Amino acid sequence: MATQPIRVLMVCLGNICRSPTAEVVFRNEVSKRQLEHLFDIDSAGTGTWHIGEKPDKRARAAAALRELDLEPLQARTVAADDFHNFDYIFAMDATNLSDLKAIEPANAKASTQLFLTWPDKQEGRDGYREVPDPYYSGEEGFELVLDLVEAASKDILDHIVDVHQLS
Ligand code: 4NP
């Protein structure tokens, strides 16, 4: 019997820096564990400015240095259906989380959570509770995003593997 994939949506403001990075990093962690067939991973933004655009070129360049390919992605906005279609929605920062909670339907299937602290951590790597917006920062901001989302992706995947008894 075919099982339903576990559907994970990464969300930030523009869907051109943090959440596409988180999408590809998380997918990479899933594929390192050969669990691709069990997951469906996507990303979206709470804002509408960048719909249809590729990820920011600084995000693409920083990811490419770690052999991660952000080129094929295209920005989109979060939709009401996402709360029914996904199992987990991860917000990159507290504003993204409150923007999501403001549009979350009452009968949502998805569990909508802060990415760096889910399920029950006080803080993520280096004391960060949120992934800082790198849009107005230099290259180091994009490196930090990658470091934070790599650490969180490993922890989240460990937890999901455990909860869903995937191994
Ligand atoms: P992201 O970064 O939310 O990580 O994709 C941003 C991208 C664009 C803007 C802000 C943040 N913007 O204001 O256009």
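Counting starts at 1 for both ligands and their atoms, following the listed order. This is a predicted model, so every value here is computed, not measured.
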Check your understanding: Glu29: what forms a salt bridge (charged side-chain N to carboxylate O under 4.0 Å, His left out) with it, not counting sequence neighbours?
Key -> Lys32, Lys154
Between ligand 1 and the protein, which N/O pairs are shorter than 3.5 Å?
from	atom 1	to	atom 2	distance (Å)
ligand 1	2 (O)	Asp133	OD1	3.3
ligand 1	3 (O)	Leu13	N	2.9
ligand 1	3 (O)	Gly14	N	2.8
ligand 1	3 (O)	Arg18	NH2	2.9
ligand 1	4 (O)	Arg18	N	2.9
ligand 1	4 (O)	Arg18	NE	2.8
ligand 1	5 (O)	Gly14	N	3.4
ligand 1	5 (O)	Asn15	N	3.2
ligand 1	5 (O)	Ile16	N	3.0
ligand 1	5 (O)	Cys17	N	2.9
ligand 1	14 (O)	His50	NE2	2.8

Study note, to complete from the structure: Residues passing the side-chain hydrogen bond (donor to acceptor under 3.5 Å, both in side chains) test with Lys121, sequence neighbours excluded, are Asp155
Review point. Are more than 12 heavy atoms from other residues, nucleotides or ligands located less than 6.0 Å from atom CD of Glu139?
Key: no
Study note, to complete from the structure: Residues passing the ring pair (Phe, Tyr, Trp, His ring centres under 6.0 Å) test with His84, sequence neighbours excluded, are none
Exercise for review: Using the six-membered ring of Tyr135, assess whether NZ or CZ of Arg18 lies under 6.0 Å from its centre and within 45 degrees of the ring axis.
Suggested key: no
Review point. Do you see a donor-acceptor pair shorter than 3.5 Å between the side chains of Asp99 and Asn96?
Key: no
